[in-house]
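What follows is one structure encoded as structure tokens, with my remarks underneath.
Residues take their numbers from the sequence shown, with the count starting at 1.
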Amino acid sequence: SLINDIIRLSELDHSEMPRQYENFDLYEFVKDCAESLQVNAQKQGIRFSYRGSTCMIRGNKDMIRELIDNLVQNAIRYNKEGGHVEVFAGMVDGKPRLEVTDDGIGIPKDQQDRVFERFYRVDKSHSNQKKGSGLGLSIVKHGAKFHNAEMEVDSELGKGTKITIIFPKQK
């Protein structure tokens, strides 16, 4: 997994990488991804749901799937037993938006800017207990950048985290 993530980041670092974009409904795409995400959430004792409405974007489906998968897997991994993860895809203020919200352990305010750095782990004491490469959110950052999207983190320690990807207005 670590090797695959490193290779993937290396590919994303090369800006000459071909970008095969197509128009698709982000909400319908989230629905398509939901089945596999639901299975993993259930294995961890986490409730999973999604909501939203039709939301057309122009993007690379593989990158968007990777982005959704990494955000949701993180929300599951750093949640608490009986917790909940929700994905929202829809239009907000005329822009397509993807939000992944959990009610997990949260991220301290002074570390929220660093979570997208490669190999950065918020809670070092649990690094060996929580499987992961520390590269998932870095991959998310690159995927958002390729789509000219903005990212926001809203988190409170002990209460949960919401990561929002705001895509540019679509033509």
Nearest 0.5 angstrom please: [X] [atom1] to [Y] [atom2], how far?
{"X": "Glu28", "Y": "Cys33", "atom1": "CD", "atom2": "SG", "answer": "11.5 Å"}
{"X": "Glu86", "Y": "Tyr50", "atom1": "CD", "atom2": "OH", "answer": "11.5 Å"}
{"X": "Glu81", "Y": "Ile46", "atom1": "CD", "atom2": "CD1", "answer": "7.5 Å"}
{"X": "Gln42", "Y": "Arg47", "atom1": "CD", "atom2": "CZ", "answer": "12.0 Å"}
{"X": "Leu71", "Y": "Glu99", "atom1": "CG", "atom2": "CD", "answer": "11.5 Å"}
{"X": "Tyr78", "Y": "Asp102", "atom1": "OH", "atom2": "CG", "answer": "11.5 Å"}

Report yes if some heavy atom in the side chain of [X] is under 4.5 Å from a heavy atom in the side chain of [Y]; otherwise report no.
{"X": "Ile57", "Y": "Leu98", "result": "no"}
{"X": "Ile165", "Y": "Val140", "result": "yes"}
{"X": "Ile64", "Y": "Leu26", "result": "yes"}
{"X": "Leu37", "Y": "Gln73", "result": "yes"}
{"X": "Pro168", "Y": "Lys95", "result": "no"}
{"X": "Phe48", "Y": "Val72", "result": "yes"}
{"X": "Asp103", "Y": "Asn79", "result": "yes"}

For [X] against [Y], the heavy-atom pair lying closest together:
{"X": "Thr54", "Y": "Met91", "answer": "O-CG, 4.1 Å"}
{"X": "Val100", "Y": "Ala75", "answer": "CG1-CB, 4.0 Å"}
{"X": "Gly106", "Y": "Thr161", "answer": "CA-OG1, 3.6 Å"}
{"X": "Gln170", "Y": "Pro96", "answer": "CG-CG, 3.6 Å"}
{"X": "His84", "Y": "Ser49", "answer": "NE2-OG, 2.8 Å"}

Any link between [X] and [Y] through a network of hydrophobic side chains (Ile, Leu, Val, Met, Phe, Trp, Tyr) touching at under 4.5 Å?
{"X": "Ile166", "Y": "Leu137", "answer": "no"}
{"X": "Phe88", "Y": "Val30", "answer": "no"}
{"X": "Met56", "Y": "Ile68", "answer": "no"}

Are more than 12 heavy atoms, taken from residues, nucleotides or ligands other than [X], located less than 6.0 Å from that residue's [atom1] atom?
{"X": "Asn23", "atom1": "CG", "answer": "yes"}
{"X": "Lys159", "atom1": "NZ", "answer": "no"}
{"X": "Glu22", "atom1": "CD", "answer": "yes"}

Would you mind telling me which of Glu150, Met151, Glu152 makes a side-chain contact (heavy atoms from CB on, under 4.5 Å) with Thr164?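 Only match with Thr164 under side-chain contact (heavy atoms from CB on, under 4.5 Å): Glu152.
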His147 vs Tyr21 aromatic rings, parallel, tilted or perpendicular, using cut-offs 30° and 60°?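 Answer is parallel, since the angle falls under 30°.
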Keeping the roles fixed (side chain from Asp25, backbone from Cys55), state whether a donor-acceptor pair exists under 3.5 Å.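 Flag set: sc Asp25 to bb Cys55 pair under 3.5 Å.
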Ignoring hydrogens and angles, tell me if any N or O in the side chain of Gln44 forms a donor-acceptor pair with the backbone of Arg77 under 3.5 Å.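 Looks like no, no N/O pair under 3.5 Å.
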